[in-house]
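When a ligand or atom number is given, it counts from 1 through the structure's own listing order.
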Amino acid sequence: MAVLVVAGLLLTGLYLLACAVWPYANCDRCDGSGKSRSPSGKKFRNCPRCKGAGRRERLGRRLLNHTNKTR
Ligand SMILES: [Zn+2]
């Protein structure tokens, strides 16, 4: 049981480290292009989720920002 806990902590630590090094991931709606197709399928406009940036802040990064602020 203790091994599972240690492995979980290790994975969480690695994930947070990865989020510190690569804070952004490709937007999952537009796949990093920053554009999204309108329902009619013709016009391209900025992706509403990432506002045209094509990337989103990862969850772990937001967590790190939060802990940095409170510290
Ligand atoms: Zn997007």
Asker: For the backbone of Cys27 and the side chain of Arg49, can you confirm whether one donor and one acceptor N or O come within less than 3.5 Å of each other?
Answerer: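 It does not hold such a pair.
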Asker: Going through the distances and angles, do Trp22 and Arg61 end up as a side chain to side chain contact (heavy atoms under 4.5 Å, CB included)?
Answerer: CA-CA 9 Å; Trp22 301 287; Arg61 182 62 190 190; over 6 Å; no
Asker: Return all protein N, O or S atoms below 2.8 Å from the Zn ion (ligand 1), chain by chain in residue order.
Answerer: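 The answer is Cys27 SG, Cys30 SG, Cys47 SG, Cys50 SG.
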Asker: Sequence neighbours left out, what passes side-chain hydrogen bond (donor to acceptor under 3.5 Å, both in side chains) with Asn26? Give chain and number order.
Answerer: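 Testing Asn26 for side-chain hydrogen bond (donor to acceptor under 3.5 Å, both in side chains), a comparison that skips the adjacent residues, returns none.
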Asker: So do the side chains of Tyr24 and Glu57 get within less than 4.5 Å of each other, counting heavy atoms only?
Answerer: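 Yes; the side chains approach each other to less than 4.5 Å.
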Asker: With side chain to side chain contact (heavy atoms under 4.5 Å, CB included) as the test, would you mind laying out the steps for Tyr15 and Leu63 before giving the verdict?
Answerer: CA-CA 11 Å; Tyr15 173 68; Leu63 222 113; over 6 Å; no
Asker: The test is side chain to side chain contact (heavy atoms under 4.5 Å, CB included); show your working for Lys35 and Cys30 and say whether it passes.
Answerer: CA-CA 6 Å; Lys35 305 275 184 231; Cys30 62; 5.9 Å; no
